[in-house]
Amino acid sequence: MIRIYNTLSQQKEEFQPIEPGKVRMYVCGMTVYDYCHLGHARVLVAFDVITRYLRHRGFDVHYVRNITDIDDKILRRADENGELFSELTARMIQAMHEDEARLAVLSPTEEPRATAHIDDILAMIRTLISKGHAYAADNGDVYFAVDSFDGYGKLSKKKLDDLLAGARVDVAEAKRSPADFALWKAAKDGEVSWPSPWGDGRPGWHIECSAMSTCCLGNTFDIHGGGPDLMFPHHENEIAQSEAATGQEFARTWMHAGAIRVNKEKMSKSLGNFFTIREILEKYPAEVVRYFLVSSHYRSQVDYSEANLVEAGRTLTKLYHALRGLVPSKGVADTDYDRRFAEAMDDDFNTAGAVAVLHAVAAEINQHRRDGDDQAARDSAAVLVRLGKVLGLLQQGPEAFFHADTGGELTADDIEALIQARAAARKNRDFAEADRIRDDLLEKGIVLDDAREGTTWRRA
RNA sequence: GGCGCGGUGGCAGAGUGGUUAUGCAGCGGACUGCAACUCCGUGUACGCCGGUUCGAUUCCGACCCGCGCCUCCA
């Protein structure tokens, strides 16, 4: 039995998909006007692990993650760059796909783009107007009438009165109530636009997700996820739009990832304290970044820091060390480790607990190795790789991990040659020379490991 | 001000009404030419104050502190 924390009920609930064996999940994706940062990576990796685990448990997961490719910020940035908005978004989408691939994030089942769903968006707006939940204003905008929807605030636990009282929302006179939000925005001069019954314009952000999710997954689906800062107003508005339009429950389970912090502050675009994924990947191997993310629970806040990434690197190195030189066995039956792993993951995807099981398996491999039981070591290695896969870890060969080119001055061949030279010196008991070579390599970031079978190396 | 989340050993980070998280770092030992890796052993813990209980880090209440959302943001 899988239990998932549902933001709606604020508690863990037993997960029962609408259709047995099948999971329909929608996650709010990126607005593609800039490179993805670590916060995006958190959401990407969190829902990637969730998808992998649900599939591991036998569910057929239909995972939809949208791309917002039309919005104010995109238009502004394209304007600054002096390029078409579509050129900007095409570049950023490609960059996003590259970042994802490096982080071993699997592609979602579907990746709908807002600009390809304008008709669906218009249809939903028409429905909302006809049902009295939305109105076209004099300025060409269309707004959702928040007070027409009873459940407004049920996700973020906000009361409409409180929202109105503290209203810092823009005071567009066109709105009937300050809390109303735009479904359709009239085009300003020269802006890209689509025709509509209310004049040329473009969709508001919230309606895109309502239209795309409903379109791909149906009126009601199992899981809706996203970043922590989307809960209000974005997700609240999605619920209002979708449930008002269809008259049916929207998403059953709402999942929100925790924020990434830098120096005790949330990493965000508005604070300007963000690190892009590609910046970080210049300093740390992608799998180390992924390990860092996976080693704490998806709902907790995590601090991005040099020390934490370095530690993640050391720890991952240890896991790969256990696998080094072993060919995992085929067809190894489930073990007690598989059971413990599943127990942790069943509990709201407790990846931290699951990672602890990985370490237990690694310790067992090392023990078998010490005992000289190669078969048992290979069997355990198979378990480690199998469980690692569910977390998107340990899927490259240990040598590939250890030898990954991080831009050092030495090539693999150079290093091998030096190892040979050192081996010769050691054979002659010229330890001064042997140590000189080892120290020299260490200075260049290469660590040597002398095993019984010979010397191996890795990049520090 | 409203709503929500959290305070665990040097650090990171799970979890539990009474029994080892795990990792990094440290210490002692084995292995090693010396190291590294690995193995064995080892220390330090649950913000504060009350309450419930035979017993609370774990449940309840107050308090202190930190964080998030309330405006575009993953």
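Within every chain, numbering begins at 1; the chains are lettered A, B, ... in the order of the sequence lines, protein sequences first and strands thereafter.
- Closest to the side chain of A:Q10, from the set B:U38, B:G2, B:C5, is B:C5.
- Here A:S270 lies in heavy-atom contact (under 4.0 Å) with a base.
- Using the six-membered ring where Trp is involved, A:W254 and A:H235 have ring planes that are tilted, between 30° and 60° apart.
- Remark: B:C54 base-pairs with B:G18. Criterion, Watson-Crick or G-U wobble with two distances under 3.5 Å.
- A:A259 comes within 4.0 angstrom of a base, heavy atoms only.
- The partner of B:C46 is absent, by the rule that a Watson-Crick or G-U pair needs both atom distances under 3.5 Å.
- Atom C1' of B:C63 sits at a distance of 7 Å from the matching atom of B:C48, rounded to the whole Å.
- The P atoms of B:G15 and B:C5 are separated by 16 Å, rounded to the nearest whole Å.
- Side chain to side chain, A:E287 and A:Y320 meet the donor-acceptor criterion of an N or O pair below 3.5 Å.
- Side chain to side chain, A:D48 and A:T51 fail the donor-acceptor criterion of an N or O pair below 3.5 Å.
- When atom types are taken as modelled, the side chain of A:T351 and the backbone of A:A354 share no donor-acceptor pair closer than 3.5 angstrom.
- The nearest whole Å value for the distance from the CZ atom in A:F292 to the P atom in B:C11 is 17 Å.
- Remark: A:S300 is in phosphate contact with B:A14, judged by side-chain N or O atoms under 4.0 Å from OP1 or OP2.
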Please tabulate, one pair per line, each protein N/O and nucleotide N/O from nucleotides 6-8 of chain B that are separated by under 3.5 Å, including the distance.
none

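- Looking only at side-chain heavy atoms (C-beta outward), A:V43 and A:Y298 stay at 4.5 Å or farther from each other.
- Taking every side-chain heavy atom of A:Q367 into account, B:C40 is the closest of B:C40, B:A12, B:C72.
- The phosphate of B:C70 has neither OP1 nor OP2 within less than 4.0 Å of any side-chain N or O from A:K157.
- Looking at heavy-atom distances under 4.0 Å, A:K264 makes contact with sugar-phosphate atoms alone, never a base.
- In A:R102, the CZ atom is not crowded: 12 or fewer heavy atoms of neighbouring residues, nucleotides or ligands sit closer than 6.0 Å.
- Here, B:G47 and B:A14 have their P atoms 15 Å apart, quoted to the whole Å.
- Not one side-chain nitrogen or oxygen of A:N308 sits closer than 4.0 Å to the OP1 or OP2 atom of B:A12.
- If you measure from atom NZ of A:K266 to atom C1' of B:G68, you get 8 Å, rounded to the nearest angstrom.
- Between B:C11 and B:U19, the distance separating the two C1' atoms is 26 Å to the nearest Å.
- Side-chain atoms of A:T31 lie closest to B:A74 of the nucleotides B:C11, B:A74, B:C39.
- The P atoms of B:C49 and B:G28 are separated by 36 Å, rounded to the nearest whole Å.
- Counted within 6.0 Å of CG on A:D150, heavy atoms from surrounding residues, nucleotides or ligands total 12 or fewer; the atom is thus considered open.
- Checking B:A74, B:A14, B:G68 against every side-chain atom of A:Q301, the shortest atom distance belongs to B:G68.
- Of the candidates B:G23, B:C67, B:C72, B:C72 carries the atom nearest the A:P233 side chain, counting heavy atoms from C-beta on.
- In this structure, CG of A:D347 is placed 7 Å from P of B:U16, rounded to the nearest angstrom.
- The partner of B:C5 is B:G66, by the rule that a Watson-Crick or G-U pair needs both atom distances under 3.5 Å.
- With B:G23, B:A74, B:C70 as the choices, the nucleotide that has an atom nearest any side-chain atom of A:K158 turns out to be B:C70.
- Side-chain atoms of A:H256 and base atoms of B:A74 include no donor and acceptor less than 3.5 Å apart.
- Between A:H359 and the phosphate of B:U22, there is no side-chain N or O to OP1/OP2 separation shorter than 4.0 Å.
- Note on A:S268: a base of the nucleic acid sits closer than 4.0 angstrom, heavy atoms only.
- Side-chain contact, A:D71 with A:T31: no donor N or O sits under 3.5 Å from an acceptor N or O.
- The nearest whole Å value for the distance from the NZ atom in A:K318 to the P atom in B:U38 is 6 Å.
- A:Y35 OH: 12 or fewer foreign heavy atoms inside a 6.0 Å radius.
- A 3.5 Å limit on both hydrogen-bonding distances identifies B:G29 as the Watson-Crick or G-U partner of B:C39.
- Taking A:R91 as the reference, A:E83 meet the salt bridge (charged side-chain N to carboxylate O under 4.0 Å, His left out) condition, with sequence neighbours excluded.
- Spacing of P atoms, B:U57 relative to B:G66, comes out at 25 Å, to the nearest Å.
- In this structure, CD1 of A:I277 is placed 12 Å from P of B:A74, rounded to the nearest angstrom.
- Among the heavy atoms of the strands lying under 4.0 Å from A:H37 is at least one base atom, whether or not backbone atoms are also near.
- Remark: P of B:C37 and CG of A:L326 are 18 Å apart, rounded to the nearest angstrom.
- For the C1' atoms, the distance from B:G23 to B:C3 is 36 Å, rounded to whole Å.
- Comparing A:P228 and A:F232 by the nucleotide of RNA chain B whose heavy atom lies nearest to each, the residue mapping closer to the 5' end is A:F232.
- One can place CZ of A:R42 at 13 Å from C1' of B:G68, the figure rounded to the nearest angstrom.
- Residue-level contact check: A:I260 touches the bases, meaning some heavy atom is under 4.0 Å from a base atom.
- Side-chain polar atoms of A:Y152 and A:N237 form a donor-acceptor pair below 3.5 angstrom.
- Distance from the side chain of A:N350 is smallest to B:A14 among B:A25, B:A14, B:C39.
- The shortest non-hydrogen separation linking A:H206 to A:P233 is CE1-CG, 4.2 Å.
- Rounded to the nearest Å, the gap between the P atom of B:A45 and that of B:G10 is 8 Å.
- The CE atom of A:M255 sits 19 Å away from the P atom of B:A74 (whole-angstrom rounding).
- For A:R369 (side chain) and A:A322 (main-chain N/O), a donor-acceptor pair under 3.5 Å exists by modelled atom type.
- What you find for A:L217 and A:H62 is that their closest heavy atoms are CD2-CD2, 3.5 Å.
- Each of A:Y298 and A:N366 has a nearest nucleotide on RNA chain B; the 5'-most of these lies closest to A:Y298.
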What is the per-nucleotide protein-contact pattern of nucleotides 29-36 of chain B, from the 5' end, where B denotes a base atom under 4.0 Å from a protein heavy atom, S denotes such proximity for sugar-phosphate atoms only, and - denotes neither? ----BBBB
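- Remark: B:C34 base-pairs with no nucleotide; criterion is Watson-Crick or G-U wobble with both hydrogen-bond distances under 3.5 Å.
- Within the nucleic acid shown, A:G153 has no heavy atom closer than 4.0 Å to any nucleic acid atom.
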